[in-house]
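Quick notes on the structure that follows.
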Amino acid sequence: MKTQVVIIGAGPAGLLLGQLLYRAGIDNIILERQSGDYVLGRIRAGVLEQVTMDLLHQAGVDTRAHDEGLPHEGIELLFKDARHRIDLHGLTGGKQVTVYGQTEVTRDLMAARAAEGLTTIYTAAPVSLHDFDTAKPTVRYQKDGATHEIACDFIAGCDGYHGISRASVPGDALHLYEKVYPFGWLGVLADVPPVSHELIYANTSRGFALCSMRSEHRSRYYLQVASDQKVENWSDESFWNELRLRLDPEACERLVTGPSLEKSIAPLRSFVAEPMRFGSLFLAGDAAHIVPPTGAKGLNLATADVGFLSRALEIHYREGSQSALDRYSELCLRRVWKAERFSWWFTSLMHRFPENGEFGQKIQEAELDYLVNSRAASTSLAENYVGLPLESF
Ligand code: FAS
Ligand code: PHB
């Protein structure tokens with residue numbers, strides 16, 4: 001087989017890249033090691049920046065996100081039993097975010113790809129990358145007991161943190177940066193109405209909590225839990241009881257509980273692999289970087305990466321120029337590191353770190369007090385939360 005671009009991974013990064021390339025007239029094949037249902041079963045992000053909405057529009061898959069997504073113009077911070085609204089819209093000259101689950105983004109992208117008759121090979125495993133240090137790379141994969149090979153011009157590694165793409169790069173060509181947090185997020189999805197029409201980020205003596213949603217009838221909640229916690233030790237009842245202990249009286253009053261549709265614990269880490277290009281191989285999304293989900297940046301960084309990559313590949317094929325491809329890694333990493341900083345800062349501000357002692361606790365309280373009482377500080381939070389502008393080549 002031959003194509004112009006082989007995309008490894010059919011998560012949001014891979015699927016969006018495939019759609020953007022198709023719309024630019026660039027042939028591509030996606031290889032995914034899981035089944036489509038398995039990919040759709042993963043419950044992850046919930047907040048889309050305008051940059052992501054614009055890229056979904058460019059890919060021709062934003063109709064449902066506009067019709068069913070919830071525009072959000074503010075978030076609330078809860079600490080010391082009081083809620084403080086951060087007016088995202090007012091502080092950023094009218095910007096907003098859209099609450100629309102990653103699962104639905106993935107579903108929309110899968111449907112568009114199938115409707116165009118584009119090739120996605122599911123349950124393709126193992127996948128191996130070859131000769132990406134040349135202009136004639138190949139990708140091999142196993143399917144139905146046979147080994148297949150695809151010749152291509154470029155490989156896009158969109159296969160996430162545990163994928164094969166970054167793992168195929170010689171260790172001395174990579175510089176890895178990592179910070180692992182001493183806690184995880186226990187998340188529950190339930191068909192119950194949200195406690196509030198905006199997200200509530202809570203910093204309480206018992207730890208962090210987040211009240212989010214997927215619609216007016218489906219809620220997503222998270223609790224900070226110790227790294228050694230196991231999801232099987234958390235019954236629905238124990239989850240709801242702990243959440244109540246981390247909410248203010250009004251939210252407690254409004255809380256509607258119900259059976260969990262999904263319950264899982266996600267570890268929190270900050271991670272960046274530099275550079276993001278190795279000859280004909282380009283890393284995008286979680287394959288190249290991970291952020292703690294506090295700032296709702298993971299999915300939005302992935303879409304920005306593939307926005308840059310699809311534009312650079314379009315310039316290459318249309319103008320025969322390598323200039324944009326040569327700048328891909330630099331441009332992505334400038335945005336990545338700003339999102340890493342914001343996600344680390346917001347995580348450090350909203351979670352409990354007993355190891356930081358009493359002084360650390362007082363500093364955190366002072367920062368929260370300053371944040372909600374300073375227009376400059378709130379504006380900084382707001383402009384990062386809605387997403388920084390996308391640079392161009
Ligand atoms: P993904 O990991 O989504 O997709 C990679 C795809 O590649 C997967 O389908 C995988 O099966 C496939 N793959 C892996 N290895 C392969 C191989 N060898 N061959 C072929 N295919 C292979 N972000 C937020 O903003 N908010 C959140 O609340 C949030 N919660 C998260 C919870 C968890 C448990 C995790 C892991 C991440 C969470 N994220 C969150 C971040 C998440 O949304 C990612 O940023 C987003 O999925 C990134 O998309 P991709 O880069 O496409 O990677
Ligand atoms: C979610 O709804 O899953 C979500 C929202 C905001 C975050 C993280 C996760 O910061």
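What you see below is based on every heavy atom in this structure, not just the backbone, and it leaves out hydrogens, waters and symmetry mates. Numbering of ligands and ligand atoms starts at 1, following listing order.
Using cut-offs of 30° and 60° on the angle between ring planes, the pair Tyr317 and Phe154 is perpendicular.
When the heavy-atom distances from atom 11 (O) of ligand 1 to Arg269, Glu32, His162 are ranked, the shortest goes to Glu32. Of the candidates Thr123, Asp286, Asp305, Leu268, the one placing a heavy atom closest to atom 53 (O) of ligand 1 is Asp286. Around atom 3 (O) of ligand 1, the closest heavy atom drawn from Arg33, Arg44, Arg220 belongs to Arg44.
Using a cutoff of 4.0 Å between basic side-chain nitrogens and carboxylate oxygens, Arg166 and Asp159 are not scored as salt-bridged. Taking the charged nitrogens against the carboxylate oxygens, Lys362 and Glu358 have no contact shorter than 4.0 Å, which rules out a salt bridge.
Here's the thing with Arg220: none of its N/O atoms is less than 3.5 angstrom from an N/O atom of ligand 2. Geometrically, ligand 2 and Tyr385 share no nitrogen or oxygen pair separated by less than 3.5 Å. Close N/O approach between Pro293 and ligand 2 is found [any backbone or side-chain N/O within under 3.5 Å].
Which parts of ligand 1 touch Gln102 is read off a 4.0 Å heavy-atom cut-off, strictly below it: atoms 3 (O), 42 (C), 43 (O), 46 (C), 47 (O). Under a 4.0 Å criterion applied to the non-hydrogen atoms of Gln34, ligand 1 contributes the atoms 11 (O).
Residue contacts with ligand 2 for Thr294 involve N, CA, C or O but no side-chain atom from C-beta outward (heavy atoms, distance under 4.0 Å).
Using a non-hydrogen distance threshold of 4.0 Å, Trp185 registers as a contact of ligand 2. Under the 4.0 angstrom criterion for non-hydrogen atoms, Tyr222 is in contact with ligand 1. For Gln102, the heavy-atom gap to ligand 2 stays at 4.0 angstrom or more.
Residues Leu88 and Ile86 meet the side-chain proximity criterion, which asks for heavy atoms closer than 4.5 Å.
His66 has its ring centre no less than 6.0 Å from the ring centre of Tyr100.
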